[in-house]
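All of these numbers come straight from a predicted model, not from anything done at the bench. Order of the sequence lines sets the chain letters (A, B, ...), proteins ahead of strands, with each chain counted from 1. Because only heavy atoms are used, hydrogens play no part in the values below, and waters and symmetry mates are left out as well, while side chains stay in.
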Amino acid sequence: MLCQICGKTAASVHFTEIHDNQMSEIHVCERCAEEKGLHTPARKHKFDIADLLAGMVDSMTTTDDDRVGHVQCERCGLLYSQFRETGRVGCAECYSAFKFQLRPLLRRIHGSVECKAKRPARDNGDVSRSRQIQRLHDELQRLVEREEFERAASVRDEIRRLQSEPPEPAEKE
Amino acid sequence: MSPDPGGLGPPRDFGELVSRASPWLSGDGPHGGMVLSTRIRLARNLNNVPFTHRARDEQLQGVVANVATAARSSPSFDHSLLLQMSDMSPLERQVLVERHLVSHELGDGTRPRGIVIASDERLSVMINEEDHLRLQVMAPGLQPSEAWSVADAADDDLGQGLDYAFSDDIGYLTSCPTNAGTGLRASVLVHLPALVILKDIHQVLKSVMQVGLNVRGLYGEHSDWMGNLFQVSNQTTLGVTERDSIESLDRVTRRIIEMEEKARDRMLRDARVQLEDKVWRGYGELRYCRSITSREVIERSSVVRMGIALGLPGLCPIRVVNELLILTQPAHLQRASGGEMTQAERNVYRAGIVRERLEAAERDAGHAA
């Protein structure tokens, strides 16, 4: 698929735009995305990793497909190409890691990507705290890998502090 | 739905559980003449553990322990029974598969997997199937709304003690993206012999799929719909609320029932004798057979079930034919006979069970009269 802006290069950035309640899918190339300011920091980060990994494998024949296949979930290590083979993601975090690949897929499957599900019983503070702890765990792992032990220690203390707080009572309708 | 319709109290172990008939086959639910059962399934995962196929065995063991603990403090799972697949023999696991309590995937027994079964077998939760939790509610007849209420409450109960993988923009995160969002699969098992005989079924199936529901034969695909049993279910889990899915399933199923009723009326009007002949021949084969295959049981019980639903006098209660579908399957037969059998021996043994069941029903009817 060619970029919808320049019409020349293969589109490698795919996302959905919502405007006046109308959703449209946009497929553009990296350069146009950059020029039009369509990159959010998170998206840029993911594609940088993908570029890097794909480049390491074969810089001559890197196609769009190969590149997307190398996007990896940082928490469970699943590659997008593995998901494509099995049709199963590896963990909850994969939905964020493969967000730009999964969104169009979810739309094709369900005709919508809007969440209308009931909320978990253990919602509100408790759920967001658990998300926060998970994020800190991920950060801790990265810091340890980079041998930044001083910062890792303070992140570990923060995790302990959050874990020792009493759970907030769940609110039910 | 009453929590314990049979008033039997909770089963204490596997043996006691399987000695009872599955309550959701009782045939006494709304539209029981056409709708065998309603099933609600909710897929849930724990936030901090990789999904089942990526998790290590010790992580899965942790999931079993966490879910069991959450179930113990949940009112919905009062007096429930936890069965660990690794503690059970292949035959016992297969019995649970045949009772529709456990999926084939869960029944393979190679990884830490289990099931918590609430006192009346209508509510259960499979642990470490494709998703960490597969909560399911089974109800006789057409009662999606009632079954959903049970599932919703049990989900809230378990959710108090478990940290579900949930995101604000998608909903419940599942191993397969086809379930992400509500994680809900609501389905009904409908019996549509008249639509099949009158060859209107293709049109009906096509219309059902056009309105976004999924429909497939319970046994067999394409035009070989053994037993004329079809499973209708919702397909989408994103962009819809749970209530939307439940209501659409209910609405469409009622429309299918109307069409089947019209087809049955037409058959009664235009070919009553042939219809009655077919029903009674089917009953006769079941009642007096000396060797019978699974397929024959499924097919003969289909015509008999239609005869019962049409109110032909002298036949057994619908519960009896529904139960035959489960009791005459290989693992149930093997368990009842207490040993391995060849296919020929199994057909003879199956015939014995079928005759016995129908004879007992006739005796009961005689006593009642």
How close do [X] and [Y] get, counting heavy atoms only, and between which atoms?
{"X": "Ser167(B)", "Y": "Cys115(A)", "result": "O-SG, 4.4 Å"}
{"X": "Lys116(A)", "Y": "Glu242(B)", "result": "O-OE1, 4.1 Å"}
{"X": "Tyr95(A)", "Y": "Ala180(B)", "result": "OH-CB, 3.6 Å"}
{"X": "Thr236(B)", "Y": "Ile109(A)", "result": "CG2-O, 4.1 Å"}
{"X": "Asn48(B)", "Y": "Arg75(A)", "result": "CA-NH1, 4.1 Å"}
{"X": "Tyr164(B)", "Y": "Pro120(A)", "result": "CD1-CB, 4.2 Å"}

Residues forming a side-chain contact (heavy atoms from CB on, under 4.5 Å) with Asp168(B), sequence neighbours excluded
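side-chain contact (heavy atoms from CB on, under 4.5 Å) list for Asp168(B), sorted by chain: Arg119(A), Phe166(B).
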If you round to the nearest 0.5 Å, how far is NZ of Lys99(A) from CG of Asp169(B)?
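Spacing of CG (Asp169(B)) from NZ (Lys99(A)) equals 5.5 Å.
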State the OG1-NE2 distance between Thr182(B) and His110(A), to the nearest 0.5 angstrom.
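Those atoms lie 8.0 Å apart.
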Within residues 170-179 of chain B, which positions have a heavy-atom distance to chain A below 4.5 Å?
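Only Ile170(B), Gly171(B), Tyr172(B), Leu173(B), Thr174(B), Ser175(B), Cys176(B), Pro177(B), Thr178(B) of residues 170-179 of chain B have a heavy atom under 4.5 Å from chain A.
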Regarding Glu93(A) and Arg54(B), does a basic nitrogen lie under 4.0 Å from an acidic carboxylate oxygen?
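Salt bridge: no.
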Does any backbone or side-chain atom of Leu102(A) lie under 4.5 Å from a heavy atom of chain B? Answer side chain, backbone, both or neither.
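Contact with chain B: side chain only.
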Decide yes or no for Lys118(A) and Asp155(B): does some side-chain heavy atom of the first lie under 4.5 Å from some side-chain heavy atom of the second?
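The answer is yes, as the side chains (C-beta and beyond) meet within the 4.5 Å cut-off.
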What part of Arg44(B) is in contact with chain A, defined as an atom under 4.5 angstrom from a non-hydrogen atom: side chain, backbone, both or neither?
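For Arg44(B), the side chain is the part near chain A, not the backbone.
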Counting only non-hydrogen atoms closer than 4.5 Å, does Leu184(B) touch chain A with its backbone (N, CA, C, O), its side chain (CB onward), both, or neither?
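No part of it gets close to chain A.
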Under a 4.5 Å cutoff for heavy-atom pairs, which residue among Thr237(B), Asp244(B), Leu46(B), Asn45(B) has the most contacts with chain A?
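Heavy-atom pair counts peak at Thr237(B).
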Selection from Gly161(B), Gly212(B), Gly181(B), Gly183(B) maximising heavy-atom pairs under 4.5 Å formed with chain A:
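Top option by heavy-atom pairs under 4.5 Å: Gly161(B).
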Please check if the number of heavy atoms outside Glu150(A) that lie under 6.0 Å from its CD is greater than 12.
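At most 12 heavy atoms, drawn from other residues, nucleotides or ligands, come within 6.0 Å of this atom.
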